[in-house]
Amino acid sequence: MISFDKKSWVASAQGSIFPIQNLPYGIFSTAQKTPRIGVAIGDKILDLYELALHQLIDLNPEIANQNSINSFMALGKEKTNAIRLQIASLLEMGNDLLTNHSNKADFFVEMDQAKLHLPIKIGDYTDFYSSRQHATNVGIMFRDPANALLPNWLHIPVGYHGRASSIVVSGTPFHRPKGQIKPVESEPPIYSESKRMDFELEVGFVVGQATELGQTVSTKDAEKYIFGLFLFNDLSARDIQQWEYVPLGPFLGKNFASVASPWVVPIEALDAFRVAGEDQNPKVLPYLEFEGAKNYNIELEVAIAPENQEETVICRSNFKYMYWNMCQQLAHHTVNGCNLNVGDVMASGTISGPEPHEFGSMLELAWKGTKPIQLKDGTERVFLKDNDTCIMRGFAKKDGVTIGFGDCTTKVLPAKS
Ligand code: CA
């Protein structure tokens, strides 16, 4: 951990969501620079390729000169954590190695001058369903209010295999999907654009260490496999989803696009924000037992900005509300011997808190269309309209330090004709 009393000589880092305690990894390019690994500090990006070229960090420059962080993650935590501390040292107040260096102009770019790319070459993507409040809300709306949770939910971190090809970086718009929907219960389905376009507020993590087929990761070792976290919008077309999901679960209602924030926050940067999750009752099976605080206090918010209008924050939730933690998710995912690869992404599932303003989807916030959400421009929403922009943000705050994630933004474009 980088101690909270440390400060960077990069002035904009103070009070920023990218202070010296954060140092998240991303892939950036500029007019002069091809895509490569960068680290966010204040309003700047530190170019790891240039640092490596000049031997200011202990890294093969070719590992940094790539369009994903996969090879970097594959170096292993011992190596990447050592590099993280070298970077922190170079940025720390009092260290003038970079400012006095003859190549100093090459080390930084202004973040607003850079293009940010999807930082991970994603192999497989798994989506969990680990918020009790979310699963309960959905159960009340679509099944039986008296038995909202399905019988397996308190025993299994429920998940499904999603689609990696359509995961895009923040700032990428998507077209409203089309498909089969069934607007009238008693009539046959129709082919239509989705009328119920929704977001799902989630946190994703990326696997930084591979396993062999047949190997199981314990909850105790799971954090060694979790390289870092980012925000994740699991876009969902509720009407397509509702008609298709029985019996095998989500398919075309989900796989047209999902959006990831551009910076991967190392799990080490979040160590000070650990909190205990809710007590798990009934007792879980031994392979899901764990020790210590495995949840994280990360404030989350979602805003909607209609075209050319200011945004309205419509949801404030928190990653701490997860019933199943990431270590349990990873232990469960591998309990049958399913192997992991570097670059696999796992998402939390919609994160809903207990209060109505903490619900992590429009389905829940507007309660299946019955409670329209008021926006500042005077309009109402029950689902996303064309040209709406959806913005997710995440912050872990303590003792005057904020570890931020950077926005996870996308815009709904009209359906393609
Ligand atoms: Ca989801």
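The first residue of the sequence shown is numbered 1, and numbering continues consecutively from there. For the numbers below, each heavy atom of this structure counts, side chains included, while hydrogens, waters and symmetry mates do not. Remember, predicted model here, so these are calculated numbers, not experimental data. Numbering of ligands and ligand atoms starts at 1, following listing order.
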Of all N, O or S atoms in [X], identify the one at the shortest distance from the Ca ion (ligand 1).
{"X": "D127", "answer": "OD2"}
{"X": "E202", "answer": "OE2"}
{"X": "D234", "answer": "OD2"}
{"X": "E200", "answer": "OE1"}

For the residue pair [Y] / [X], report whether a side-chain donor-acceptor contact shorter than 3.5 Å exists.
{"X": "N147", "Y": "D144", "answer": "yes"}
{"X": "S236", "Y": "K254", "answer": "yes"}
{"X": "W243", "Y": "Q180", "answer": "yes"}

Query raised in the report: Looking at R381 and D388, does any basic side-chain N land under 4.0 Å from a carboxylate oxygen?
Result: yes
